[in-house]
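Residue numbers start from 1 in every chain, and the chains themselves are labelled A, B, ... in the order their sequence lines are given, proteins ahead of strands.
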Amino acid sequence: MHQIKDGYLFKLIKVDGDLILLRIGSKTIHSIEVALSMSNPPEIILEAVKSYIWELFDCDRELGDFYEVASNDDILKEVVAKYYGLRMICIPDLFEALTWAIMGQQINLTFAYTLKKRFVEQFGENLTIEGETYWLFPDFTKIAHLHVDDLRKLQLTSRKAEYIIGVAKLMARGELSKESLLQKQDYQQVKKSLMSIRGVGAWTADYVMMKCLQFPDAFPIADVGLHQALKNQLGMERKPTIDEIMERSKNWEGWQAYATFYLWRSLYKKTI
DNA sequence: ATCCAGGAACTGT
DNA sequence: ACAGTTCATGGA
């Protein structure tokens, strides 16, 4: 879905039917520089690219309050100092966010990435530039027509295949969209709507609200990665219980998604 | 081998 | 509302 090379992030997007490769860089900490594969793009495309980038990195978020909260929190103090400036890396496409969350349920991340790669390379569009191939996440209209067996071949379980095709069908019928979810604008209402979808429980709903709908207070509290990170940060020999996390996260009110994201980041040992 | 993964639906109480 | 069971498969 994306590649990082020479300090640039490459990402393929589709605007108005055109596939456009973005080369995203940042020369100073207060700027983002984007180059397009399309020459002389019209203004309307430039605007679409700008809003995409803005959403991808959650740029409307003012992080001052979060850092204020985190600097007074024993758990967050360290990760915030370490990854200062990190913003939520969002998944603007609702279908991608839901599908990815469903794929990743109850399996290790390595295998989840394998599944996603197979899914994308089987059903997604791609563009090859200078010998490098870039992929677009599959469109829900295409997935809506599939059968469970089509996804079983990729080693998705029958259940997950049903869930993913079900989500695609809901979206294809116009019964589920990012716009309609965002119109609710009340945390519990949005979460309830998401959880009414087969295959979407509390964890997935919160994950999607965090990574796609940009709720800074979304909190996938049952997440095992979060538990692992907390165990590490607190130097515990066991993972914390849900009750313990509820207690310790009281300070994070309003910023649970960012707290979770920074803690997830602490699990990723490889230095970029 | 054994445990467990960035869970959720289903079933029984 | 709540607890236990089933699904399902690769990574470490």
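In this structure, of B/dA5, B/dA9, C/dG10, it is C/dG10 that holds the atom nearest to the side chain of A/Phe111. Relative to the side chain of A/Val224, the nucleotides C/dG10, B/dA5, B/dA8 differ in distance, and B/dA5 lies closest. For A/Arg159, the side-chain atoms get nearest to C/dC7 when compared with the rest of B/dA5, C/dA8, C/dC7. Nearest to the side chain of A/Thr157, among B/dA8, B/dG6, C/dA8, sits C/dA8.
For A/Gln105 against B/dA8, a side-chain-to-base donor-acceptor contact under 3.5 Å is absent.
Using a 4.0 Å heavy-atom cutoff across all strands shown, A/Ile197 reaches sugar-phosphate atoms only and no base atom. Heavy atoms of A/Tyr113 sit under 4.0 angstrom from at least one base atom. The residue A/Ala202 sits close only to the backbone: its heavy atoms come under 4.0 Å of sugar-phosphate atoms, none of a base. Here A/Gln155 lies in heavy-atom contact (under 4.0 Å) with sugar-phosphate atoms only.
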Residue pair A/Trp264, A/Tyr268: steps toward the ring pair (Phe, Tyr, Trp, His ring centres under 6.0 Å) verdict: CA-CA 7 Å; A/Trp264 279 348; A/Tyr268 185 69; over 10 Å; no

Audit row: A/Tyr113, A/Trp100, ring pair (Phe, Tyr, Trp, His ring centres under 6.0 Å) steps and yes/no: CA-CA 9 Å; A/Tyr113 283 125; A/Trp100 170 234; 5.2 Å; yes

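Counting heavy atoms from C-beta outward, A/Phe123 and A/Leu154 have side chains that approach closer than 4.5 Å.
Residues A/Gly104 and A/Tyr163 each lie close to DNA chain B; by heavy-atom proximity, the contact nearer the 5' end of the strand is made by A/Gly104. DNA chain B is contacted by both A/Arg198 and A/Ile107; A/Ile107 maps to the nucleotide lying nearer its 5′ end (nearest heavy atom per residue).
Between the CG atom of A/Leu154 and the C1' atom of C/dA8 there is a distance of 15 Å, rounded to whole Å. Atoms CG (A/Leu115) and P (B/dG6) sit 13 Å apart, rounded to a whole Å. Spacing between atom CG of A/Leu151 and atom P of C/dT9 amounts to 13 Å, rounded to whole angstrom units. One can place NZ of A/Lys160 at 14 Å from P of B/dA5, the figure rounded to the nearest angstrom. Whole-Å rounding puts the A/Ile102 CD1 to B/dG6 P distance at 17 Å. Rounded to an integer number of Å, the gap from NZ of A/Lys116 to P of B/dG6 is 15 Å. Rounding to whole angstrom units, CZ of residue A/Phe261 and C1' of B/dG6 are separated by 12 Å. Between A/Glu162 atom CD and C/dT6 atom C1' the separation is 14 Å, expressed in whole Å.
The CG atom of A/Leu56 sits 12.0 Å away from the CG atom of A/Asp93 when rounded to the nearest 0.5 Å. A distance of 8.5 Å separates CD in A/Glu78 from OH in A/Tyr83, rounded to the nearest 0.5 Å.
Between B/dA5 and A/Thr110, no contact under 4.0 Å exists linking OP1 or OP2 to a side-chain N or O. In terms of phosphate contacts, A/Lys239 brings a side-chain nitrogen or oxygen within less than 4.0 Å of OP1 or OP2 of B/dA5.
A gap of 14 Å separates the P atoms of C/dA8 and B/dT11, to the nearest Å. One C1' atom belongs to C/dC7, the other to B/dA5, and the distance between them is 14 Å to the nearest Å. One P atom belongs to B/dG6, the other to C/dT5, and the distance between them is 24 Å to the nearest Å.
Cation-pi contact between A/Lys11 and A/Tyr134: absent, since separation from the ring centre below 6.0 Å together with deviation from the ring axis within 45° is not met.
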